[in-house]
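Please read through the structure below; I'll follow up with questions.
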There are 2 protein chains.
Amino acid sequence: MVAHVYERLQKGELNPGDKILESLLAPELGLSRAPIREALRQLVGDGLLSDKPQVGNFVASLSPREIIDAYATRGLLEGFAVAEALESFAENDLEDLEDLCLQMERYARRDKQKELIETGSEFHRFLFNKSDNIQLIEFTQRLSNKLHLLFYKHWSSLYTAEEIRDRQQELVAVLRQKNQALVEQALRQHYNETGQKVARFYAESEEGE
Amino acid sequence: MVAHVYERLQKGELNPGDKILESLLAPELGLSRAPIREALRQLVGDGLLSDKPQVGNFVASLSPREIIDAYATRGLLEGFAVAEALESFAENDLEDLEDLCLQMERYARRDKQKELIETGSEFHRFLFNKSDNIQLIEFTQRLSNKLHLLFYKHWSSLYTAEEIRDRQQELVAVLRQKNQALVEQALRQHYNETGQKVARFYAESEEGE
DNA sequence: TTCTCGTCGAATGTCGACATTCGACAATCG
DNA sequence: CGATTGTCGAATGTCGACATTCGACGAGAA
């Protein structure tokens, strides 16, 4: 199943560039190669793996530029989605979002990496939930999977607890103004900053190998 | 191969909702079911087919709403890509684009459907070529394939020859102004209009069945 | 020593057959 | 007569084996 490979990727047992041997995964999961191949194809479609015909599947390895671009694209999509659904954010929705900000701060302070990331995902899922543009949702979901998995390990070390809280709260504050263009711009910048940071962080950690 | 199914879809031999029997395609192409399944998975990933587990693959059938959303998303992506690369459009690039506009008008007048569509694709490919955001390019390519194939038949009957020329020329005129926000807005509107029109057209042609 | 060529192993791509599951039809019951 | 259930066919999902191709290793020549 694809969930198994997801886990392996999260646990860091598989690093970017590593080759995925279907002939190893198959007996490991007690399945034949056919369903394994299907799962791998799906992961390739999600951008988590890259496929070289007649050679094999490899864990995707993004260049700093690709990382930045991927985050920028995510900001573009999410900014548009939220701006379109801006009207449907009621005051109590915004308060829920602010609660999530504070919760994230608490998790960040206590080094609860897993819970922090999960709450962060929930925050953005909440933002997106109001959108009903299926196409947009699908693309964003894919990007989210991709980025989430590739940088799961680093996420919690990018910002301090205060920065996390402030950055998220700023987004909520922009939502309150009910200005579409502003919301788009804010989310783009939000993701651009994170993209830059991830790319830098990633480049440094690659140097040490 | 996937190209074969593409053709069948273009020729209208396969209509939205139709079931794709892999056990029919396999002998037809002289292959076993394994490579057929891989090709179908790819088409599902591109959004051209939908997959119901344990049931089969079907030609994707979009609701008017999904059509509108897909075009809106395309406008979002292309608008952003072109706006980002706005600086790199030189005057002779713009002139090339204007030539393409006139060529489209000629093809439209002479009912050269195939050439018209191909030139239209070239126009937008040209717009996109300056972008180097791989993630953006990939998403747009997918959307392009999807929309192109599903509405190939109708494209040439949506606008008159003059409308086609004017609409494209207006885009070039906006490019000339070198204003990012304006470009984004223009391309979004461009695709929104087309999306609305395709959705209407499609809904009407569905009624007659 | 270094470059080239040939061989070999291993992993992917493909195949045909089997198992499983879904959907339709029909017989039975209320 | 209508609804429910059981049966049957057919298509998908899965499997193990074979064919093909790529990459590495090693031998030989310059």
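To find a chain, count down the sequence lines: A is the first, B the second, and so on, and within it residues start at 1.
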Got a sec, which residues hit side-chain hydrogen bond (donor to acceptor under 3.5 Å, both in side chains) with Thr194(B), two or more places apart in sequence or on another chain?
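For Thr194(B) the side-chain hydrogen bond (donor to acceptor under 3.5 Å, both in side chains) partners, ignoring immediate neighbours, are Tyr159(B), Arg167(B).
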
I'd like a table of atom pairs between the protein and nucleotides 9-17 of chain D - only N or O on both sides, under 3.5 Å - with the distance next to each one.
residue: dT12(D); atom: OP1; partner: Ile20(B); partner atom: O; Å: 3.4
residue: dT12(D); atom: OP2; partner: Ser23(B); partner atom: OG; Å: 3.3
residue: dG13(D); atom: OP1; partner: Gln54(B); partner atom: N; Å: 3.2
residue: dG13(D); atom: OP2; partner: Arg37(B); partner atom: NH1; Å: 2.9
residue: dG13(D); atom: OP2; partner: Arg37(B); partner atom: NH2; Å: 3.0
residue: dG13(D); atom: N7; partner: Arg33(B); partner atom: NH2; Å: 2.9
residue: dG13(D); atom: O6; partner: Arg33(B); partner atom: NH1; Å: 3.1
residue: dC15(D); atom: OP2; partner: Ser32(A); partner atom: N; Å: 2.7

Please list, chain by chain and in numerical order, all residues satisfying side-chain hydrogen bond (donor to acceptor under 3.5 Å, both in side chains) with Ser63(A), sequence neighbours excluded.
Glu66(A)

Return the set of residues passing side-chain contact (heavy atoms from CB on, under 4.5 Å) with Arg33(A) (not counting sequence neighbours), or none when no residue passes.
Glu22(A), Ala26(A), Arg37(A)

Looking at residues at least two apart in the chain, or sitting in another chain, which of them share a side-chain hydrogen bond (donor to acceptor under 3.5 Å, both in side chains) with Glu95(A)?
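Glu95(A): no side-chain hydrogen bond (donor to acceptor under 3.5 Å, both in side chains) contacts found.
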
Pairing residues for Glu78(A) by the side-chain hydrogen bond (donor to acceptor under 3.5 Å, both in side chains) criterion, not counting sequence neighbours:
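Scan of Glu78(A) (side-chain hydrogen bond (donor to acceptor under 3.5 Å, both in side chains), adjacent residues dropped) gives Arg74(A), His124(A), Tyr191(A).
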
